[in-house]
Amino acid sequence: TSRAIAAENLRIHTMDSASLSAAVTAEIERQQAAINYDELSLDELKVVVASLVERLELAKAALTSKMDTPKLVAAKVEGTFSDLPWGSPVDAEMVRSYLEKNMQERIMVIDGAMG
């Protein structure tokens with residue numbers, strides 16, 4: 001009957017939560033793909049940028065949590081060690097002599113990162 005057809009057309013269809021979530025996500029992605037940033041006002045752009053920054057921070061945090069590896073700690077070395085060749089307290093002239101002697105005898109790599 002026409003009444004049954006009309007009632008069927010008016011019936012509200014329900015979705016399970018997973019289907020609803022997927023539909024909402026698809027619609028948000030569709031809308032975001034169609035954004036023309038040049039047409040947005042300054043206030044709208046500020047809202048969009050804030051949202052994108054927040055999403056980026058969440059993505060970076062998720063990436064970091066997946067990349068975390070256990071921290072390596074060097075084993076403590078104990079024992080007795082010979083004195084440094086330039087004495088203690090440090091004698092500048094002894095350091096200079098040591099470096100000059102070694103640079104003349106062999107190739108030496110000097111790392112200035114420690115100052």
(request) Quick one: closest heavy-atom pair of Tyr37 and Val48, and the distance? (result) CE2-CG1, 3.5 Å
(request) Please tell me if the side chains of Leu40 and Ile35 come closer than 4.5 Å, counting only heavy atoms from C-beta onward. (result) yes
(request) Can you run down the salt bridge (charged side-chain N to carboxylate O under 4.0 Å, His left out) pairs that involve residues 18-46, sequence neighbours left out, and say none if there aren't any? (result) Glu27-Arg30
(request) Would you please name every residue forming a side-chain contact (heavy atoms from CB on, under 4.5 Å) with Glu100, sequence neighbours left out? (result) Arg96
Identify every side-chain donor-acceptor pair in residues 50-67 under 3.5 Å, counting partners at least two apart or on other chains, and give the distances.
from: Arg55; atom 1: NH1; to: Gln32; atom 2: OE1; distance (Å): 3.3
from: Thr64; atom 1: OG1; to: Lys60; atom 2: O; distance (Å): 2.9
from: Ser65; atom 1: OG; to: Ala62; atom 2: O; distance (Å): 2.8

(request) List for me each residue that meets side-chain hydrogen bond (donor to acceptor under 3.5 Å, both in side chains) alongside Gln104, sequence neighbours excluded, and say none if there are none. (result) none
(request) Using the test side-chain contact (heavy atoms from CB on, under 4.5 Å), find all partners of Val77 that sit at least two apart in sequence or belong to another chain. (result) Phe81
